[in-house]
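Atom set for the values below is all heavy atoms of this structure, side chains included, hydrogens, waters and symmetry mates excluded.
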Amino acid sequence: PMITGGMVVSIFAEDDKDNCNKAVKTLPVSDFEIVGARYAIIEFMIVVTACIGVIFNAFALLMHSEDYMAIYYIFPLVGIVMATISNLFALPFCYKYGVQGANSTSIAVLLLVGAGVAYIRKNHGLNVIGIVENISLPWFTLGFVLSIFALFFVSLYISVKIFEKESVK
């Protein structure tokens, strides 16, 4: 799923080169529909690449059946979440600053996640695990899903507002 970040940037680069946004703005559809379609396509690409990962992991499970099965499905799930979060931050920057903005944002998100993981592993891993263990799984899942949806709506709103300001020449 993390490969889709590169695909997103490639799509935007091709659209910029072909002036696709200017052509699409002349169609009888709203800016929300145009931007929302791009978000839907990107999330579809993330899910498809994650499904491919699950298939490969299922083959690996068949070859190594003595291993714990859940681990083969956790990694694609983490990939979906990370790719979604990265793209939700990168898309508004793509609309505002182009491909360079999306690349910079994706790198910043990955560096922040890496720094967070390093911090947890080095200093406070047990404290974080203790905090997470005290949260019930349904509440944790609900909070996490709601925060992803909130990030999605904020990202979509910002992207639509930026896209509305583009002029057709």
Side-chain angles (χ1 to χ4, degrees), residues 1-57 73-120 132 135 137-169:
M2 294 306 290
I3 294 171
T4 58
M7 287 195 260
V8 170
V9 172
S10 296
I11 290 170
F12 268 93
E14 289 299 318
D15 287 352
D16 285 347
K17 185 174 76 173
D18 298 336
N19 291 322
C20 180
N21 286 340
K22 292 177 183 172
V24 169
K25 283 186 80 71
T26 63
L27 296 174
V29 293
S30 70
D31 292 335
F32 177 79
E33 290 172 324
I34 295 168
V35 174
R38 183 166 284 170
Y39 273 74
I41 289 169
I42 290 168
E43 195 58 38
F44 175 76
M45 289 179 356
I46 291 170
V47 171
V48 166
T49 57
C51 289
I52 292 169
V54 167
I55 291 169
F56 282 121
N57 286 335
Y73 301 105
I74 290 172
F75 289 118
L77 179 63
V78 169
I80 288 173
V81 170
M82 282 304 306
T84 300
I85 291 171
S86 178
N87 285 326
L88 289 178
F89 279 111
L91 285 171
F93 283 92
C94 242
Y95 280 110
K96 181 71 176 173
Y97 301 108
V99 174
Q100 294 81 10
N103 284 337
S104 301
T105 305
S106 295
I107 291 169
V109 168
L110 292 175
L111 286 175
L112 284 173
V113 169
V117 168
Y119 177 76
I120 289 170
V132 171
I135 302 171
L137 185 61
W139 285 110
F140 178 78
T141 305
L142 179 65
F144 187 74
V145 168
L146 288 176
S147 64
I148 294 291
F149 275 115
L151 180 61
F152 168 77
F153 287 117
V154 168
S155 176
L156 183 63
Y157 177 78
I158 292 169
S159 294
V160 169
K161 289 300 178 189
I162 292 169
F163 189 76
E164 285 175 351
K165 292 181 180 178
E166 281 188 17
S167 62
V168 179
K169 295 179 183 177

Taking every non-hydrogen atom, the tightest pair across Leu156 and Val35: CD1-CG1, 3.7 Å
Nearest heavy-atom neighbours spanning Leu88 and Ser155: O-OG, 2.6 Å
Partner of Ser86 by side-chain contact (heavy atoms from CB on, under 4.5 Å), out of Val109, Thr105, Leu91: Val109
Pairing residues for Val29 by the side chain to side chain contact (heavy atoms under 4.5 Å, CB included) criterion, not counting sequence neighbours: Leu27, Glu33, Ile34
Drop me the distance from [X]'s [atom1] to [Y]'s [atom2], to the nearest 0.5 angstrom.
X: Phe93; Y: Ile158; atom1: CZ; atom2: CD1; value: 8.0 Å
X: Ile42; Y: Met45; atom1: CD1; atom2: CE; value: 6.0 Å
X: Phe163; Y: Ser30; atom1: CZ; atom2: OG; value: 10.0 Å

Salt bridge (charged side-chain N to carboxylate O under 4.0 Å, His left out) against Lys96, all qualifying residues, sequence neighbours excluded: none
Stepwise side chain to side chain contact (heavy atoms under 4.5 Å, CB included) test for Asn87 and Tyr39: CA-CA 9 Å; Asn87 285 326; Tyr39 273 74; over 6 Å; no
Donor + acceptor pair across side chains of Tyr97, Ser104 (<3.5 Å): no
